[in-house]
Chemist: 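Have a look at the structure that comes next, please.
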Number of protein chains: 2
Amino acid sequence: MMAAHSKLWYLQRFRLLDAMTEPQRRMIEKMTRMLEVKRGQRIYMTGDPSDQIFLLKVGVVKISTIGSDQQETILAFLYPGDIFGELAIVEESPRDHIATAHEDVVLCALNRDLLLRTAQETPALGYQITKIMGLRIRRFRTRIEQLLCKSAQERIAHTLLDLANDYGIQDDQGILIPLRLNQADLGNLVGLARETVNVVLQDFRQRGLVEAGRRNIRITDPARLRAVS
Amino acid sequence: MMAAHSKLWYLQRFRLLDAMTEPQRRMIEKMTRMLEVKRGQRIYMTGDPSDQIFLLKVGVVKISTIGSDQQETILAFLYPGDIFGELAIVEESPRDHIATAHEDVVLCALNRDLLLRTAQETPALGYQITKIMGLRIRRFRTRIEQLLCKSAQERIAHTLLDLANDYGIQDDQGILIPLRLNQADLGNLVGLARETVNVVLQDFRQRGLVEAGRRNIRITDPARLRAVS
DNA sequence: GGCCAGGTGTGAGGCGGATCACAAAGCGAA
DNA sequence: TTCGCTTTGTGATCCGCCTCACACCTGGCC
């Protein structure tokens, strides 16, 4: 399982620019705006025009929406190598979600038209984008499954394992999820109240499945945690 | 809103093969297996090899998974013009979901390698695929939002409107959802018990928002239904 | 140090939806 | 038509999660 993950991780993280020749890469590099965004700042907002695609280099980006009741729902966390705002490729309709820097972030803003033009010249580039989007589809699909598998325990267990699978750092203590994630955020991610998240984590901790620090979460017993979900 | 929908619908339905030249199209046509599948039959199953991409020509396909408790969860319904099994483009790992003919279906099976080769020669084809995948991402995203917006009423209202938006047929009586959809299926789609779906639909009916026949559902008052969700 | 703010821990009470158990109403096939 | 099966309709009961209401802890800032 970890092998498969590594492969995906690799594909996703390093292959986008590989597909291009050196001069093309340099051209892209030149036509690209580099951005730094501080933790908590907006990158774009619902309703903004979709004329750019972003490539995340450093940090963590949170993709979310705000419901009519001002309730935030977190759609995904993105890590270095991910692209986002990629719906701009498909159509120019305004953004339907919010992108926020969840940690300090460095990213590239690619102009939509430029990207499309370049992709036409180098099919491999288009293929890489397609691949990344395919991975995103797969991730969303598993999230939908999670949300439909009902109990709070299952949802949280499943979500933690997914996060660990996508971004986790394995060491001798277990798998560390390198994501500043408080219980409220976790709640928004899985659609549970903060208090419920608390009791579930408490329970997992007592059973020796996870260690939940204030800052981040470590899965100490992935096998037994998987049995829960 | 209906205008935007029509555009998407059109793009999605007719543009995949448009991108190719006539000889290429003929080549594809030749290398393609045409399939007919009867209502209720499997197209592929979890664990099957992912060496084909399918293009839905006629009918409705149901994408679903079976949880560990034998509970079916419906991920999506697909209509003519949709492609599915598209994760085969990204990687060869086995299918992680089930595709079933929800109505009698006619479809094209495209060999993975052939498609990739052709896409390399005609970048426009790759671009069309990317677009279709983008639309799929957007749809999954809205589904996640739905599942997180909690109450049964909201979820059902939202889902019906989405179905109407994607596939609905507008006439003077309202918008008809041309999908054989019983209450149990609707429940699996939104993660609710069949009985709950029943009472909600009952309520909607009494308020004059929908007419729910045994076979299909008609939204008689989209505006007020939207106000619910 | 002392104070505030954001995060965590925990209980009481209520409500929404699941589950169970049927009844009734089409629908399809013989 | 008749029988059986699928689908819909409806109530009783139960349980899980939400809500609200706090106390506590910890880190950052003055």
Side-chain angles (χ1 to χ4, degrees), chain A residues 38-40 62 67 69-74 100 102-103 146-160 177 179-207 210-218 228-229, chain B residues 38-40 62 67 69-74 102-104 146-160 177 179-207 210-218 228-229:
Chain A
K38 286 288 165 200
R39 170 177 166 76
K62 180 178 70 177
D69 51 351
Q70 300 304 311
Q71 172 70 13
E72 176 182 36
T73 70
I74 298 177
T100 318
H102 191 251
E103 300 287 357
Q146 276 171 37
L147 294 177
L148 288 173
C149 91
K150 287 167 291 251
S151 94
Q153 289 217 353
E154 288 168 306
R155 275 151 81 156
I156 291 178
H158 210 129
T159 300
L160 291 179
I177 298 173
L179 180 58
R180 185 171 180 152
L181 192 63
N182 62 29
Q183 299 179 346
D185 282 341
L186 191 50
N188 290 335
L189 196 57
V190 296
L192 293 172
R194 199 221 87 221
E195 295 89 330
T196 308
V197 174
N198 186 318
V199 302
V200 171
L201 283 183
Q202 214 70 346
D203 179 49
F204 284 173
R205 213 177 302 181
Q206 278 167 21
R207 291 203 266 159
V210 306
E211 285 167 10
R214 181 166 292 263
R215 269 294 132 86
N216 38 34
I217 296 178
R218 170 186 299 282
V228 171
S229 71
Chain B
K38 285 288 165 202
R39 171 176 165 77
K62 180 179 68 178
D69 51 351
Q70 299 304 312
Q71 173 70 13
E72 175 181 38
T73 70
I74 298 177
H102 190 250
E103 299 288 357
D104 288 357
Q146 275 172 37
L147 294 177
L148 288 173
C149 91
K150 288 167 287 256
S151 94
Q153 289 217 353
E154 289 168 306
R155 275 151 81 155
I156 291 179
H158 209 131
T159 300
L160 290 179
I177 298 174
L179 179 58
R180 185 170 180 151
L181 192 64
N182 61 30
Q183 299 178 347
D185 283 340
L186 191 49
N188 289 336
L189 195 56
V190 296
L192 293 173
R194 199 220 88 224
E195 295 89 331
T196 307
V197 173
N198 186 319
V199 301
V200 171
L201 282 182
Q202 214 71 344
D203 179 48
F204 285 173
R205 213 178 301 182
Q206 277 165 22
R207 292 204 267 159
V210 306
E211 285 167 10
R214 181 167 290 265
R215 267 294 133 88
N216 38 34
I217 296 177
R218 169 187 299 284
V228 171
S229 72

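Scope of the values below: all heavy atoms of this structure, side chains included, with no hydrogens, waters or symmetry mates. Order of the sequence lines fixes the chain letters, A, B, ..., with proteins taken first and strands second; residue numbering starts at 1 for each chain.
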Chemist: For residues A/L201 and A/Q183, determine if any side-chain heavy atom of one lies less than 4.5 Å from a side-chain heavy atom of the other.
Modeler: yes
Chemist: Could you name each residue pair satisfying salt bridge (charged side-chain N to carboxylate O under 4.0 Å, His left out) that touches residues 181-193 of chain B, not counting sequence neighbours?
Modeler: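 Listed once each, the pairs would be none.
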Chemist: Before giving the answer on side chain to side chain contact (heavy atoms under 4.5 Å, CB included), spell out for A/I74 and A/K62 the whole-Å C-alpha distance, their side-chain angles and the decisive distance to 0.1 Å.
Modeler: CA-CA 7 Å; A/I74 298 177; A/K62 180 178 70 177; 4.0 Å; yes
Chemist: Can you pull out how bent the helix from C/dG1-D/dC30 to C/dA30-D/dT1 is, comparing the axes over its first five and last five pairs, to 10°?
Modeler: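 Taking the rotation axis at each end, their angle is 40°.
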Chemist: Rounded to the nearest 0.5 Å, what separates atom CG in A/N198 from atom CG in A/L192?
Modeler: 12.0 Å
Chemist: For a quick check, with a 4.0 angstrom heavy-atom cut-off, what is the B/S/- contact string for nucleotides 24-30 of chain C, read 5' to 3'?
Modeler: --SS---
Chemist: Could I get the full list of side-chain contact (heavy atoms from CB on, under 4.5 Å) partners for B/T159, not counting sequence neighbours?
Modeler: B/Q146, B/L163, B/L186, B/L189, B/V190
Chemist: Do B/K38 and B/E103 meet the salt-bridge criterion of a basic N to acidic O distance under 4.0 Å?
Modeler: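 B/K38 and B/E103: not salt-bridged.
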Chemist: Rounded to the nearest 0.5 Å, what separates atom CG in A/N216 from atom CD1 in A/I177?
Modeler: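 With rounding to 0.5 Å, CG (A/N216) is 9.0 Å from CD1 (A/I177).
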Chemist: Not counting sequence neighbours, which residues clear ring pair (Phe, Tyr, Trp, His ring centres under 6.0 Å) with B/H102? List them please.
Modeler: B/F77
Chemist: Do any N or O atoms of the protein come closer than 3.5 Å to N or O atoms of nucleotides 12-17 of chain C, and which pairs are they?
Modeler:
from	atom 1	to	atom 2	distance (Å)
C/dG17	OP1	B/A152	N	2.8

Chemist: Got a sec, which residues hit side-chain hydrogen bond (donor to acceptor under 3.5 Å, both in side chains) with B/T73, two or more places apart in sequence or on another chain?
Modeler: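 With neighbours one apart ignored, the set is B/T65.
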Chemist: How long is the gap from CD on B/Q71 to NZ on A/K150, to the nearest 0.5 Å?
Modeler: 5.0 Å
Chemist: Quick test: give all pairs of protein nitrogen or oxygen and nucleotides 9-11 of chain C nitrogen or oxygen below 3.5 Å, distance rounded to 0.1 Å.
Modeler:
from	atom 1	to	atom 2	distance (Å)
C/dG9	OP1	A/R205	NH1	3.3
C/dG9	OP2	A/Q183	NE2	2.9
C/dG9	OP2	A/N198	ND2	3.4
C/dG9	N7	A/R194	NH2	2.8
C/dG9	O6	A/R194	NH2	3.3
C/dT10	OP2	A/Q202	NE2	2.9

Chemist: Scan for salt bridge (charged side-chain N to carboxylate O under 4.0 Å, His left out) pairs involving residues 186-203 of chain A, sequence neighbours excluded, and state none if there are none.
Modeler: A/D203-A/R207
Chemist: Give the minimum heavy-atom separation between A/T100 and A/G40, together with the two atoms involved.
Modeler: CG2-O, 3.7 Å
Chemist: How would you give the extent of chain A contacts on DNA chain D, as first and last nucleotide 5' to 3' within a 4.0 Å heavy-atom cut-off?
Modeler: D/dC17 to D/dT26
Chemist: So how far is it from B/E72 CD to A/L148 CG, rounded to the nearest 0.5 Å?
Modeler: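 B/E72 atom CD to A/L148 atom CG measures 11.0 Å (nearest 0.5 Å).
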Chemist: Under the rule for salt bridge (charged side-chain N to carboxylate O under 4.0 Å, His left out), what residues qualify as partners of B/E154, not counting sequence neighbours?
Modeler: none
Chemist: Quick check: does any side chain N or O of A/R155 sit under 3.5 Å from a backbone N or O of A/G191, one acting as donor and the other as acceptor?
Modeler: yes
